[in-house]
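Reminder, nothing fancy here: chain letters follow the sequence lines and each chain counts from 1.
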Protein chains: 2
Amino acid sequence: MAATDTALAGLRQMIASGALGPGAKFPPEPELCERLGVSRSSLREAVRSLAALGVIESRHGSGTYVSALDPAEIISRFSLSVQLIPLEGVLQLLEVRRVLEAHATAAAAARQDPDLAPLLDKILEQLEATTDAAEIQRLDAEFHDAICAAGGNPTVTALTAVIRGRGGHYRIFEPGSEFDAIKQTSDRGHRAILAAIAHRDPAAAATAASAHIAQTELWLRALRPEPQPD
Amino acid sequence: MAATDTALAGLRQMIASGALGPGAKFPPEPELCERLGVSRSSLREAVRSLAALGVIESRHGSGTYVSALDPAEIISRFSLSVQLIPLEGVLQLLEVRRVLEAHATAAAAARQDPDLAPLLDKILEQLEATTDAAEIQRLDAEFHDAICAAGGNPTVTALTAVIRGRGGHYRIFEPGSEFDAIKQTSDRGHRAILAAIAHRDPAAAATAASAHIAQTELWLRALRPEPQPD
DNA sequence: TGGTGGGGAGTGGTCTGAGGACTTAGGAGG
DNA sequence: CCTCCTAAGTCCTCAGACCACTCCCCACCA
């Protein structure tokens, strides 16, 4: 087995076996090198791999630690790779988001948090008042994030946020011929979601959320805009 | 900015800008070092990070390449970190699986693939005939995988497979006092799913799949078994 | 007594240089 | 035309050195 793979398997095993739980500190690099039988370079590459996956955290001058192993944090690490996926794959991911967010929106409606509807209304008022693309994206994310968070499953919230972040790179809302029609349709979709939540109607909430995101999918398929780097 | 982060951002930018598309080959390491202004160690750690996320592939003796950037492949990279997530997080992930797999099962029922029902029936016959834990796990995965694949979204298939792989580490089916009852309930759940698919009934299929996975969640919450390393 | 600042040990981050292992393409030989 | 082999190209691993950062302890001062 290759040296880096040996180190990777060894580190993974130390966590999987329960020897090191969430937040635990690894031995210093020289000791790990000796124990795993690899050079420091190879060990560090293995550590980097696990760090990229959100399993390990290296703190300069302090040590190397097992992460909290929280699924939401781990999922958020995938943002980097998701942001590089081409359009065809993004459409598949949007179907995932549509299904999950419909579920989360229904859960939010069922939970009857009295503070949620006023918060969402405040966000929508700002959203409806602006025509700035970046501002639209920020407020849209805030709206959907608040709903998902109210759904009660942080993992679902993280997953939908990662996918939404990718969709945001395709600037549907750039000023153009279709801008007004798209913006109005989007605003109406948000209001429909809020209305369903305010009426404590989970089924209507799921339908409204699903329709809203399906609309985004249709725009992406039709416009096929170029993604914006950075 | 730290050296490794500089290299990471540079590599990422080369892909995001469109300079290197899926499958494209990177320049050799020495040239990348010079262009990005970092040493080979730092460059290699950055490459390892992106490789862990499924964005880059290094082939010994050949070169470094951009991956296919296929969302299903990228999601499968997740498997390593998901397998280390503790029970509490697994339950959150199972909710994701339940929602997605209900959706995929409904889609499979709606698609009316004539080969699907016979295939599933054959798998279930084998599954119902065995009491070996590993065999149960393998056939169960095969059953659900075939359904998700028929759902038509490879990303959903990959995501559910990763989560299912984690659930499999908690051996619900180890021989014990509850074994027979659990096995029978599980078998009945599979049959209900198959019946709904055979009857081309998407709503019933979604309900059956959702109930089947919800049952797994209940077992995990109740039994709280210890995960099996390796 | 309690707070504060500095210093030193511990630890991860980066660079350099060297040699080994693997892949691939192209030419020699059949 | 096919096969085998050579050689160039490229990534993989190791070793050693030095730098940067964190944290704890202790002397110092109010």
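The residues A:Lys122 and A:Glu125 are annotated as not salt-bridged, no charged nitrogen and carboxylate oxygen being separated by less than 4.0 angstrom. In this structure, B:Glu95 does not pair ionically with B:Arg97, as no charged nitrogen and carboxylate oxygen lie closer than 4.0 Å.
The terminal axes of the helix from C:dT1-D:dA30 to C:dG30-D:dC1, fitted over 5 pairs per end, subtend an angle of 10° to the nearest 10°.
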Checklist entry - Do A:Ser67 and A:Ile56 pass the side-chain contact (heavy atoms from CB on, under 4.5 Å) test, and can you show the C-alpha distance, the side-chain angles, and the key distance before you say yes or no? => result CA-CA 5 Å; A:Ser67 79; A:Ile56 276 182; over 6 Å; no
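Summarising the local packing, CD of B:Glu34 is surrounded by 12 or fewer heavy atoms from other residues, nucleotides or ligands at distances under 6.0 Å.
Contacts with DNA chain D (heavy atom under 4.0 Å) in residues 42-60 of chain A: A:Ser42, A:His60, listed by number.
The aromatic rings of B:His190 and B:His212 are tilted relative to each other, their planes meeting at an angle between 30° and 60°.
Residue B:Ser62 is classed as a sugar-phosphate contact, given heavy-atom separations below 4.0 Å to backbone atoms only.
Of the N and O atoms on the side chains of A:Glu45 and A:Ser49, not one donor lies less than 3.5 Å from an acceptor on the other residue.
Counting 5' to 3', DNA chain D first comes under 4.0 angstrom of a heavy atom of chain B and last does so at the ends given by D:dG9 to D:dT13. Once you apply a 4.0 Å limit to the heavy atoms of chain A, the touched nucleotides of DNA chain C run 5' to 3' over C:dG10 to C:dT14.
For B:Ala72, the side chain to side chain contact (heavy atoms under 4.5 Å, CB included) partners at least two apart in sequence or on another chain are B:Asp70, B:Pro154, B:Ala158. Under the side chain to side chain contact (heavy atoms under 4.5 Å, CB included) criterion, A:Ala104 pairs with A:Cys148, A:Val156, sequence neighbours left out.
Between B:His103 and B:Arg98 there is no side-chain heavy-atom pair separated by less than 4.5 Å.
For the atom pair CD1 (A:Ile197) and CD1 (A:Ile147), the distance works out to 4.0 Å, reported to the nearest 0.5 Å. Interatomic distance, A:Glu73 CD to B:Ser81 OG, rounded to the nearest 0.5 Å: 12.0 Å.
Separation of the A:Phe26 and A:Tyr65 ring centroids does not fall under the 6.0 Å cut-off.
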